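Please read all numbers here as calculations on a predicted model, not as lab measurements.
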Amino acid sequence: MTSIEPTCGAIEAGRHRLPMRVYYEDTDFGGIVYHANYLKFAERGRTEFLRCLGVDQTAMKGNSGLVFAARSLTIDFQSPAVMDDRLLVTTWVASMSGARLVLTQQIDKMMTAAPEMPPVGHASVENDAQFKVLATLSVTLACVDAKGRASRLPTVIKDAFGRTLTDQA
């Protein structure tokens, strides 16, 4: 049997891209994506960005006691998503300092038609896809220790994110 693994998306030109789909459970009584679910989509994008960079958050917590905590978040809703929409969550580093990481995220609807069951899997995004911006976010993450105190970003993580900043140029 072929191994089937979830996708972590891909990093291109310093930006992480994670495709996903809207399910019935994501929608509200009006049939559109409930506003809080955009935060869940963004969280998945941030988590998979770290995974693509080779950062194992479980190991980080186990080895050093360090975790990321959201310090602040702003979101600008521009257009709604509905059931079965194909979304693309794009995440990139806006800035980085000692214990702080600021990420920008954009949630887009993929506007091109696609088969329900893509032949290669949902990790691929068509190069000619057209997108409609649904929401943009800015999230400030703080690296904190087990007592909730700010702690410097581990060098390996700072270096990994730093490479994406260089790739954006």
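In this structure a side-chain-to-backbone donor-acceptor pair under 3.5 Å is missing from Arg51 to Cys8. A donor-acceptor contact shorter than 3.5 Å links the side chain of Asn37 to the backbone of Asp26.
When all heavy atoms are compared, the tightest approach of Ile157 to Met60 is CD1-SD, 3.0 Å. In terms of heavy atoms, Ile107 sits closest to Ala42 at CD1-N, 4.4 Å. Closest of all the heavy-atom pairs between Leu153 and Arg100 is CD1-O, 4.0 Å. The minimum heavy-atom distance linking Ala81 with Leu87 is given by the pair CB-CD2, 4.1 Å. Nearest approach of Gly14 to Asp167, heavy atoms of both residues: N-CB, 3.5 Å. Considering all non-hydrogen atoms of both residues, Ala94 and Leu165 come closest at O-CD2, 4.5 Å.
A salt bridge (charged side-chain N to carboxylate O under 4.0 Å, His left out) check over residues 152-162, counting only residues at least two apart or in different chains, returns nothing. The ring pair (Phe, Tyr, Trp, His ring centres under 6.0 Å) analysis of residues 7-26, with sequence neighbours excluded, yields the pairs His16-Phe49. Sorted by first and then second residue, the side-chain hydrogen bond (donor to acceptor under 3.5 Å, both in side chains) pairs involving residues 57-71 (not counting sequence neighbours) form an empty list.
Hydrophobic clustering places Val55 together with Phe161 (ILVMFWY residues linked when any side-chain heavy atoms are closer than 4.5 Å, directly or through intermediates).
Take Arg15 and apply the salt bridge (Lys or Arg N to Asp or Glu O under 4.0 Å) test, not counting sequence neighbours, and it matches no residue. Residues passing the salt bridge (Lys or Arg N to Asp or Glu O under 4.0 Å) test with Asp85, sequence neighbours excluded: Lys109.
Classification of Lys40 and Glu43 as a salt-bridged pair fails, no side-chain N sitting under 4.0 Å from a carboxylate O.
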Considering only distance and modelled atom types, tabulate donor-acceptor pairs under 3.5 Å from the side chains of residues 72-80, sequence neighbours left out.
from	atom 1	to	atom 2	distance (Å)
Ser72	OG	Thr140	OG1	3.3
Asp76	OD2	Gln78	NE2	3.3
Gln78	NE2	Thr136	OG1	3.4
Ser79	OG	Lys132	NZ	3.3

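Looking only at side-chain heavy atoms (C-beta outward), Gln106 and Leu134 stay at 4.5 Å or farther from each other.
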